[in-house]
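Take a look at the structure below.
Below, read A as the first sequence line, B as the second, and so on, with proteins coming before strands; counting in each chain starts at 1. Computation of the quantities below employed the complete heavy-atom set of this structure, encompassing side-chain atoms and omitting hydrogens, waters and symmetry-equivalent molecules.
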Amino acid sequence: MQHASKCEWIVAALSQYESKLVRYATWIAGDVERAREIVQETFLRLCKEKPERLNNHLPQWLFTVCRNLAFDVRRKDKRMTPLSEADAARYPSAAPRPGAALEQKEAMGQVLRVLETLPKNQREVIYLKFRCDLSYKEISEITKLSVTNVGFLIHTAIQSLRKQLVTNPEALRRTQ
Amino acid sequence: MKIHPDDPKWTAYVLGELSGAERAEVERELESSAEARELVDEIRMTTVLLKDELAEEAPVALHARQRDAVLSGDRPRRRRTVWGIPRWVFTGAAAATLGALIVVGVMMPSLLRSRQAALSASAGLAVDVSQQPSPPAGLPPGSGSQGQVQQQGPSPAVGSGGAQSIDVPPADIRAKGGAKLQEGAPSLEVTQLFRSELKDEDASQTKVARQQGQQQGQQGPQGGQQGAIANKGVFTGVVTGRVLKAQQDSAAFAAERRAVPFASALPPPGARPDVVARPPFNTEAYDRIEDNPFKAVAENPLATFSIDVDTASYANVRRFLNQNTLPPKDAVRIEELINYFTYDYAQPGGKHPIAVYTEAAAAPWKPDHRLVRIGVKARDIDA
């Protein structure tokens with residue numbers, strides 16, 4: 001009985017947060033396959049938790065665990081020996097051909113393109129706020145920033161977006 | 001009235017993040033200032049747009065197998081890509097070192113000069129093999145004595161679980177100084193080195209091992225059988241061995257070191273009911289470690305690896321052994337074990353920041369494979 005309710009709890013958490021977490025982890029770790037592994041590990045850890053222990057702060061817990069795992073991956077990646085340019089030129093790129101990358105950019109919305117130009121810490125809080133619908137307080141718990149700092153980062157990011165979008169009224173008109 | 005657009009309260013207001021009092025204050029300002037109203041409108045539009053576009057992003061789900069693994073609560077079979085390198089490279093190099101250290105080391109003492117190398121648990125085990133009296137009568141025929149161990153070295157089964165060889169012909173191994181190919185002859189030197197170092201540095205471990213040996217002697221046939229079953233070589237047996245239940249453990253553990261790893265002592269494939277019957281080890285969870293496949297260097301010529309590595313596996317193995325328990329094989333990352341030790345390589349000379357040392361030998365368990373050890377030494381810097 002208890003087992004069944006825990007299963008439901010996991011399934012519910014998966015369906016609600018899976019995609020958001022994969023996106024979030026992709027953003028940190030830089031690779032969607034790694035992100036999937038990170039998110040899988042996050043949920044495996046969730047399986048070991050007691051539902052009542054995470055009452056009321058499940059999203060914070062999930063995003064925090066996911067974030068820590070993703071930063072671990074990124075930190076280890078940084079220790080990798082990078083290719084020299086000369087070496088790199090000798091090997092074919094695994095990235096999509098230039099045209100494909102361009103097409104992807106075109107498809108991406110105006111706002112997201114501007115978002116990409118923002119500093120990483122601003123993008124992270126923007127993502128947690130607007131994609132994951134988390135409150136300042138929840139974001140503060142995940143990122144270990146103060147609530148004030150979270151508010152400041154979000155405001156600064158919104159200001160930058162607003163200023164850039166104002167110079168391109170086409171995008172703004174779509175909202176009206 | 002002058003407003004401050006850089007005040008985060010405007011965005012907080014739009015997002016409903018203000019307390020009652022703060023909210024009331026902002027609303028008063030909005031009533032009195034057209035500039036503030038315009039600002040808030042623009043912020044609102046920006047947030048709506050942002051939310052819409054982010055929501056339009058295609059959802060990225062887990063793979064079905066990953067989802068299944070979560071729902072079954074099972075540890076996944078996953079290839080570790082965390083290091084951003086094909087893992088076979090690391091494991092290959094690491095396994096090569098392990099081979100030099102532990103498996104091949106028994107045969108090729110010249111590869112081993114490191115003082116610390118002798119301190120390893122593996123060293124303790126190597127010593128023990130030669131220190132044990134002849135096996136009890138219950139051991140299967142062909143399980144041999146210490147003399148056989150040292151003369152014949154590890155059996156074809158040695159290391160088959162934990163180590164890999166790099167699938168390149170010796171001629172393809174190029175590194176500074178060139179590759180030395182040694183079909184090492186058996187020697188006592190390394191065992192003696194181990195023994196003397198161990199006496200100084202880690203006598204307690206030897207003691208534990210001896211006690212286990214005695215215990216095993218009392219248990220006789222059962223222990224011998226366990227040893228034969230768990231038999232994977234002097235050390236890799238510890239690496240790959242499954243965790244046994246407490247009583248069986250100490251017997252099997254001692255027997256494993258005592259029972260000589262000969263193929264003839266192995267039961268036929270599939271005849272391991274006791275292994276299957278053992279309860280899974282579940283007080284600590286480890287990612288399952290999979291052997292990586294061989295790769296052709298012609299197609300995969302480039303590899304990178306981290307020079308800053310963890311050494312946690314060594315401590316972990318030591319902890320298990322001190323508890324008279326075999327570590328679960330997935331608890332041991334070979335590179336974390338090997339890199340625990342300090343190697344006594346000569347510093348690079350001239351303008352070169354690093355020196356690379358390689359040695360190769362036939363893999364003891366598969367002589368047509370070559371086992372390569374690659375050591376990288378950077379210049380020491382005065383701290």
Side-chain angles (χ1 to χ4, degrees), chain A residues 7 10-11 14 18-20 22-23 26 31-37 39-41 43-44 46-48 72-73 76-77 79-83 87 90-91 108-112 115 126-127 129-131 135-137 147-148 151-156 158-159 161-162 165-166 171-172 174-176, chain B residues 5-18 39 41-63 65-76 78-85 285 287 301-310:
Chain A
C7 273
I10 299 286
V11 170
L14 259 178
E18 175 185 350
S19 179
K20 289 173 181 175
V22 173
R23 283 257 177 229
T26 307
D31 175 85
V32 71
E33 285 309 319
R34 283 182 200 198
R36 284 188 168 114
E37 288 190 351
V39 172
Q40 182 192 30
E41 179 63 28
F43 278 104
L44 283 167
L46 182 68
C47 292
K48 290 189 201 150
D72 279 351
V73 168
K76 284 201 170 177
D77 278 359
R79 303 193 303 209
M80 303 300 300
T81 314
L83 277 174
D87 277 345
R90 286 166 43 212
Y91 299 100
M108 197 194 283
Q110 166 86 9
V111 182
L112 293 192
L115 189 62
I126 285 284
Y127 188 84
K129 177 69 207 167
F130 293 97
R131 184 69 182 87
S135 69
Y136 281 13
K137 185 165 177 299
V147 174
T148 315
F152 174 78
L153 286 173
I154 290 181
H155 179 72
T156 309
I158 293 285
Q159 288 285 81
L161 287 172
R162 185 177 66 85
L165 293 175
V166 165
L172 273 180
R174 284 176 44 200
T175 64
Q176 290 168 338
Chain B
D6 289 336
D7 192 331
K9 72 181 177 186
W10 302 112
T11 299
Y13 170 76
V14 169
L15 296 175
E17 291 278 353
L18 291 182
L39 176 67
D41 277 349
E42 283 185 10
I43 290 175
R44 187 171 284 127
M45 275 188 269
T46 309
T47 61
V48 169
L49 199 58
L50 194 53
K51 212 163 185 163
D52 284 354
E53 285 205 10
L54 283 171
E56 279 171 19
E57 281 189 313
V60 198
L62 295 176
H63 293 304
R65 61 181 162 79
Q66 291 174 318
R67 240 170 172 267
D68 291 346
V70 169
L71 293 175
S72 66
D74 192 15
R75 284 275 132 184
R78 70 188 181 111
R79 188 172 296 279
R80 279 187 57 130
T81 52
V82 169
W83 297 82
I85 53 170
D287 288 344
L302 183 76
T304 58
F305 61 92
S306 170
I307 55 170
D308 176 18
V309 288
D310 293 330

Is the shortest heavy-atom distance from the side chain of Glu37(A) to the side chain of Gln66(B) under 4.5 Å? yes

Got a second to check how far Thr47(B)'s OG1 is from Ile126(A)'s CD1, nearest 0.5 Å? 9.5 Å

Side chain from CB out, backbone as N, CA, C, O: work out which of these in Leu46(A) comes under 4.5 Å of a heavy atom of chain B, or both, or neither. neither

Of the listed Ser19(A), Gly151(A), Ser135(A), the one with the largest count of heavy-atom pairs under 4.5 Å with chain B is Ser19(A)

Contacting region of Arg131(A) [heavy-atom separation from chain B under 4.5 Å]: both

Looking only at heavy atoms, the pair that brings Ile158(A) and Thr46(B) closest together is O-CG2, 4.1 Å

Among all residues two or more places apart in sequence or in another chain, which pass the side chain to side chain donor-acceptor pair (under 3.5 Å) test with Glu17(B)? Lys129(A)

Please check: side-chain N/O of Gln159(A) versus main-chain N/O of Pro5(B), any donor-acceptor pairing under 3.5 Å? yes

Check: Asp7(B) main-chain N/O paired with His155(A) side-chain donor or acceptor under 3.5 Å: yes

For the atom pair CZ (Phe152(A)) and CG (Asp6(B)), what is the distance rounded to the nearest 0.5 Å? 7.5 Å

Atom CG of Leu49(B) and atom CZ of Phe130(A): how far apart are they, to the nearest 0.5 Å? 11.0 Å

Results of side chain to side chain contact (heavy atoms under 4.5 Å, CB included) for Val11(A) - residues two or more places apart only: Leu71(B)

Could you state the interatomic distance from CZ (Arg67(B)) to CZ (Arg36(A)), rounded to the nearest 0.5 Å? 12.0 Å

